[in-house]
Each structure stands twice: as C-alpha cells, then as structure tokens.
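Written below as structure tokens is the structure these notes are about.
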Amino acid sequence: MKYHLITYGCQMNKSDAERIAALLEKIGYSPTSNKNEADLIVIIVCSVRQSAVDRLSGQIRNLAKLKIKNSKLKILLTGCLLPKDKEKLKSQVDLIFEINQLPNLPLILSRLEGNSKNKKIKNLKLKITNYLEIKPKFSTFPIAYIPIMTGCNNFCTYCVVPYTRGREVSRPAKEIIDEVKELIKKGYKMIILLGQNVNSYQSPIQNSKAKMPNTKKIDFPKLLKMVNNLKGNFWLTFITSHPKDLSDELMKTMARCKKVMPYLHLPVQSGDNEILKKMNRQYTATDYKNLVKKIKKTFEKYRRGLERNLSLSTDIIVGFPGETKKQFENTAKLMREVKFDMAYIAKYSPRPQTAASKLRDNISIKEKERRWKILTEILQKTSLENNKKYLGKVIPVLVENKKNHLLFGQTRSFKKVKMENLLEKKQKISIGDMIKVKIKKIKPFGLEGVALAKFS
C-alpha cells in the first residue's frame with residue numbers, strides 16, 4: 001500500500017504532514033511521489049484564504065479521476081478546515097478528519113478498508129494519546145520545524161486559526177527538548193520552533209518524576225534558553241511572535257543567546273490604527289515601530305559584527321474591509337520607515353466564522369492588486385538596501401541544496417544564498433554543512449557568492 005501527501009499552507013501544516021507520514025509508515029504504508037501510484041492520498045489543507053479553498057476544490061476534482069484506474073484509492077482531508085468548507089468538500093472525498101484526531105487515523109483507515117481486526121493498528125492506537133506525541137518523519141534536512149504549541153487565543157478578526165485549530169495548547173518542555181536533542185544528534189543544523197503565537201507558550205504541569213527543573217514555570221524565553229544551551233553546533237529561531245506581547249525578557253533572551261539567529265518574524269498586518277483596531281490586533285502603528293526600535297537596540301547592545309543588524313520580516317494584509325486609500329498609505333509609510341527585509345503581503349479575502357466576514361468586502365480585486373504591487377515595490381527597495389551590508393563580506397551559510405556546481409543555502413539572518421562551489425575539487429560539500437561564503441552580488445530577496453571553505 002502506498003501513500004501520497006499534498007500539503008498547503010504554513011509550516012505548521014508541513015510539520016503536521018511529517019507526523020502523518022510517520023504514522024502511515026508505522027502501519028505498513030510506503031511513500032510515493034507519484035500520486036498515480038498511490039492507494040491513499042492525504043491532503044493537508046489551508047483555508048486561511050478563499051483562493052486556497054478554490055484551488056483545493058480543483059485539485060480534488062482532478063484526483064477523483066484517479067479512482068477510475070484504482071478503485072481502492074482513498075482521498076482524505078485534514079488541516080485547517082472551516083465547517084462550511086467541510087460541508088462543501090465532504091461529498092468529494094472519502095473522509096475529512098481533524099488533525100488532533102490523527103492518533104485515530106489507523107483505526108479510521110482500517111474501517112475504510114474493511115480491515116478492523118489488524119492487531120498492529122490496535123496496538124499503535126493504545127500507545128498514542130496526543131497527535132503531537134507522534135514522532136515525525138522529518139523531511140526538510142538540515143532544517144527541522146518543531147511545534148511547541150498549537151491553536152490561538154487572539155481571535156484576530158480576519159483569521160480562521162482559532163476556529164480550525166482551537167485554543168492554545170502548549171507541549172511539555174521536556175518533550176520539546178528531547179525532540180531537539182534527537183535532531184541535533186542526527187545532524188540537523190537549523191531548529192525552528194513553531195506556534196501561532198510562541199510568546200504565549202507555557203509548559204503544562206508535568207509529573208514530578210520528569211527530569212526537567214521548574215517545569216511549571218517554563219515560558220517561552222525560558223524554553224528558548226533551554227534549547228540554546230543544548231550541546232551541538234546548530235542555529236535556532238522561531239515563528240511567530242505577536243507584537244502585543246513580545247516582552248523585554250524575550251528580546252534580551254534572543255540577543256544574549258548566541259545560537260538564536262539575528263532574525264525575527266513580527267507580523268504588523270497594517271500601518272493604520274483604525275484598521276488595526278478593526279483587526280483586533282491590540283497595538284497601534286506607533287507601538288509596533290517602538291517595539292522594532294527596542295529590539296534592534298537590544299541586538300546592537302549584545303551582538304557584534306553583522307549580527308548586530310537584526311533581520312526583520314512581517315505579514316501585511318491589503319484591502320481589509322473599509323480600508324481607505326489614506327489608511328493604505330499609512331501602511332506604505334510604515335513599510336518605508338521600518339525597512340523590512342521580507343514581507344508576506346496578502347490580499348484580503350473574507351472567511352466564514354471570522355468577525356471580519358460580517359463586514360462588507362468593499363475593496364475591488366483590481367485595487368487590492370494595485371496596493372499589493374506598491375508594497376512589493378517598497379519591499380524590494382528596502383530589502384536591497386538592507387542587503388548592501390553583506391556585499392564583499394565573508395559570512396557563514398548553511399547548505400540546503402546542491403545542483404551541479406552550485407550550492408544553495410541560508411545565512412543566520414534567514415537570507416537565501418546561491419553560491420558557486422569552487423571547493424568541489426578540494427573538499428566534498430554536503431547538504432547540512434556550514435561553509436564560509438564571500439558575497440559577490442546582492443538582490444532584493446537573496447545573495448550570491450563563492451564558497452571559500454568548510455567550517456571545521
């Protein structure tokens with residue numbers, strides 16, 4: 001029996017896919033990259049935007065044609081799905097299940113396949129109580145994404161996450177630390193901690209016999225320190241922080257912990273106070289700008305060299321209901337002032353159940369596109385300007401991929417690098433190696449250079 005996974009959306013969905021893969025292989029499925037060979041196709045869905053749901057409907061219609069050739073093929077959906085989307089799609093697939101029901105998947109499959117007496121499936125079910133306890137089949141070496149929590153309590157008016165993933169649930173710190181230790185032993189070099197809002201992390205109370213001090217009081221800054229203090233040569237970062245509760249303690253922890261990358265993803269969403277209030281973001285544009293100034297000064301105080309310059313990325317929504325041209329200009333103004341290294345700019349689309357869906361979506365698609373282009377042009381200029389400091393410098397780069405004489409990787413500031421591999425006749429460079437690279441060329445969203453040497 002072969003399975004094929006299709007994943008949409010954020011890194012949390014991709015991390016969920018790794019757990020699904022691990023579970024399926026434990027009960028006898030083998031992976032295939034060719035969906036035409038699959039007996040089981042699982043789609044991990046993102047319904048954050050309507051456009052994603054529309055694409056999904058087309059994908060399912062195409063996959064359904066495969067059932068003509070293989071009558072045993074089962075198509076399943078999971079991930080972030082709203083009730084309205086489930087209702088629309090349920091007749092087109094064999095099953096829709098919540099991601100937190102993943103421990104039940106073996107039993108569900110045995111019923112679908114008419115094989116409920118499988119002892120292997122029964123035994124596996126008894127050992128698993130929470131889907132985050134499933135050891136994932138990590139697939140992004142040398143980078144590993146580690147969920148530290150799931151769900152969200154913030155209820156931003158445009159966002160479906162509290163409705164699709166539920167309220168915040170944090171993983172025990174010991175479970176996270178053990179997972180990271182195992183990854184370090186296997187040679188992973190970049191650890192990315194995941195959560196819809198990592199700032200809210202609080203390790204749940206554990207059994208007193210667990211070998212983890214002060215477990216009851218472990219918040220996110222403490223967890224970050226604990227991971228940073230693990231032995232090994234690796235880089236550490238996290239996604240995502242909410243500006244409303246990015247504490248001074250977290251800023252200091254980031255700057256003082258040398259394995260923590262000089263990079264922060266801090267979604268602003270809008271630069272206009274009235275729109276921010278409508279979004280229920282709980283901060284003003286001035287609050288955000290002051291926060292950025294503070295964390296940049298903190299890095300300047302505790303770091304040296306290029307790492308004093310914090311790399312900053314963000315999320316922005318254009319065309320939120322009622323956003324006037326003047327309010328949009330406030331967002332453009334904020335972008336020019338903050339000078340982001342990267343921004344993920346989305347055109348607003350209403351989602352059922354969210355508070356914003358009750359507002360009239362009165363900005364035309366054409367106008368949203370115009371605003372998106374303006375912000376993208378600003379981003380290209382600020383990112384290119386920020387990248388000038390790397391020109392001619394020799395910096396460490398983590399190799400992620402190889403193709404012919406070229407290497408591809410990332411810097412500690414989360415910037416993509418394309419490199420000429422001049423070392424191939426002297427030293428073998430492998431994926432996961434950290435190498436010294438001289439930057440010869442800069443672009444808005446990447447750097448180019450020459451590989452000089454491996455770090456010993």
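As the structure is a computational prediction, the values presented were derived from the model and not from experiment.
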Not counting sequence neighbours, which residues clear side-chain contact (heavy atoms from CB on, under 4.5 Å) with [X]? List them please.
{"X": "Asn62", "result": "Lys65"}
{"X": "Lys35", "result": "His4, Ile41, Leu63, Leu66"}
{"X": "Arg304", "result": "none"}

* To do: Would you please test Ile43 and Tyr8 for side chain to side chain contact (heavy atoms under 4.5 Å, CB included) and show each step?
  => CA-CA 8 Å; Ile43 308 175; Tyr8 293 100; 3.8 Å; yes
Could [X] and [Y] be called an ion pair, given the rule that one side-chain N must be under 4.0 Å from one carboxylate O?
{"X": "Lys135", "Y": "Glu182", "answer": "yes"}
{"X": "Lys252", "Y": "Asp248", "answer": "no"}
{"X": "Asp341", "Y": "Lys415", "answer": "yes"}
{"X": "Arg165", "Y": "Asp16", "answer": "yes"}
{"X": "Lys403", "Y": "Glu420", "answer": "no"}
{"X": "Lys258", "Y": "Glu307", "answer": "no"}
{"X": "Lys416", "Y": "Glu400", "answer": "yes"}

Measure the shortest side-chain to side-chain distance between [X] and [Y] over non-hydrogen atoms and say whether it is less than 4.5 angstrom.
{"X": "His265", "Y": "Ser313", "value": "yes"}
{"X": "Asn401", "Y": "Leu407", "value": "no"}
{"X": "Ile192", "Y": "Trp235", "value": "no"}
{"X": "Thr150", "Y": "Tyr131", "value": "yes"}
{"X": "Glu179", "Y": "Pro136", "value": "yes"}

* Please step through salt bridge (Lys or Arg N to Asp or Glu O under 4.0 Å) for the pair Glu249 and Lys222, ending with a clear verdict. => CA-CA 9 Å; Glu249 180 62 25; Lys222 286 184 180 177; over 6 Å; no
Under 6.0 Å from the [atom1] atom of [X], do we count more than 12 heavy atoms belonging to anything else shown?
{"X": "Lys436", "atom1": "NZ", "answer": "no"}
{"X": "Lys347", "atom1": "NZ", "answer": "yes"}
{"X": "Leu406", "atom1": "CG", "answer": "yes"}

* May I have the step-by-step check of side chain to side chain contact (heavy atoms under 4.5 Å, CB included) for Asn233 and Met434, ending in yes or no? => CA-CA 10 Å; Asn233 182 22; Met434 290 184 182; 3.7 Å; yes
* Asked: Can a donor-acceptor pair be found between the side chains of Ser413 and Tyr390 at a distance below 3.5 Å?
  ->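 Distance-only check passes for Ser413 and Tyr390.
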Could you give the distance from [atom1] ([X]) to [atom2] ([Y]), rounded to the nearest 0.5 Å?
{"X": "Lys174", "Y": "Met226", "atom1": "NZ", "atom2": "CE", "result": "10.5 Å"}
{"X": "Asn154", "Y": "Thr157", "atom1": "CG", "atom2": "OG1", "result": "12.0 Å"}
{"X": "Thr78", "Y": "Ile96", "atom1": "OG1", "atom2": "CD1", "result": "9.5 Å"}
{"X": "Leu105", "Y": "Leu76", "atom1": "CG", "atom2": "CG", "result": "6.5 Å"}
{"X": "Gln92", "Y": "Ser57", "atom1": "CD", "atom2": "OG", "result": "5.5 Å"}
{"X": "Thr253", "Y": "Tyr302", "atom1": "OG1", "atom2": "OH", "result": "9.5 Å"}

Give a yes or no answer on whether the side chain of [X] reaches the backbone of [Y] with a donor-acceptor pair at less than 3.5 Å.
{"X": "Thr314", "Y": "Leu266", "result": "yes"}
{"X": "Arg167", "Y": "Cys152", "result": "no"}
{"X": "Ser15", "Y": "Gln11", "result": "no"}

Let me check something: any side-chain donor-acceptor pairs from residues 137-144 under 3.5 Å, sequence neighbours excluded? List them with distances.
unit_1, atom_1, unit_2, atom_2, d
Lys137, NZ, Glu25, OE2, 2.7
Ser139, OG, Glu18, OE2, 3.1
Thr140, OG1, Ile143, O, 2.5

If I compare all heavy atoms of [X] with all of [Y], which pair ends up nearest, and what's the gap?
{"X": "Pro352", "Y": "Lys84", "answer": "CG-CD, 3.5 Å"}
{"X": "Asp361", "Y": "Pro350", "answer": "OD2-CD, 3.5 Å"}
{"X": "Leu73", "Y": "Leu40", "answer": "CD1-N, 3.9 Å"}
{"X": "Pro321", "Y": "Leu359", "answer": "CB-CB, 3.7 Å"}
{"X": "Lys67", "Y": "Asp94", "answer": "NZ-OD2, 2.8 Å"}
{"X": "Asn387", "Y": "Gly446", "answer": "ND2-O, 3.9 Å"}

Got a sec, which residues hit ring-ring contact (aromatic ring centres under 6.0 Å, His included) with [X], two or more places apart in sequence or on another chain?
{"X": "Phe155", "value": "Tyr163"}
{"X": "Tyr263", "value": "Phe414"}
{"X": "Tyr201", "value": "none"}
{"X": "Tyr145", "value": "none"}

* Under the salt bridge (Lys or Arg N to Asp or Glu O under 4.0 Å) test, which residues partner Lys90, sequence neighbours left out? ->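 Residues passing salt bridge (Lys or Arg N to Asp or Glu O under 4.0 Å) with Lys90: Glu87.
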* To do: Tell me, please, which residues at least two apart from Arg351 pass side chain to side chain donor-acceptor pair (under 3.5 Å).
  =>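 For Arg351 the side chain to side chain donor-acceptor pair (under 3.5 Å) partners, ignoring immediate neighbours, are Gln50, Asp85.
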* Which residues pass the side chain to side chain donor-acceptor pair (under 3.5 Å) test with Ser383, sequence neighbours left out? ->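 Not a single residue meets the side chain to side chain donor-acceptor pair (under 3.5 Å) criterion with Ser383.
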* To do: Check the pair Thr164, Leu81 against side chain to side chain contact (heavy atoms under 4.5 Å, CB included), reporting the backbone distance first and the verdict last.
  => CA-CA 6 Å; Thr164 58; Leu81 266 173; 5.5 Å; no
* To do: Assess Lys368 against Tyr348: is NZ or CZ under 6.0 Å from the centre of the six-membered ring, and within 45 degrees of the ring's axis?
  =>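 Relative to the ring axis of Tyr348, which defines the angle, Lys368 lies outside at least one limit.
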* Asked: Please walk me through it: do Val268 and Ile316 pass side chain to side chain contact (heavy atoms under 4.5 Å, CB included)?
  -> CA-CA 6 Å; Val268 65; Ile316 293 176; 3.7 Å; yes
Throw together a table of side-chain donor-acceptor distances under 3.5 angstrom for residues 236-243, partners on residues two or more places apart or in other chains.
unit_1, atom_1, unit_2, atom_2, d
Ser241, OG, Asn199, OD1, 2.9
His242, ND1, Lys244, N, 3.1
His242, NE2, Arg281, NH1, 3.4

* **salt bridge (Lys or Arg N to Asp or Glu O under 4.0 Å) assessment of Lys402 paired with Asp433** => CA-CA 11 Å; Lys402 296 170 64 178; Asp433 284 341; over 6 Å; no
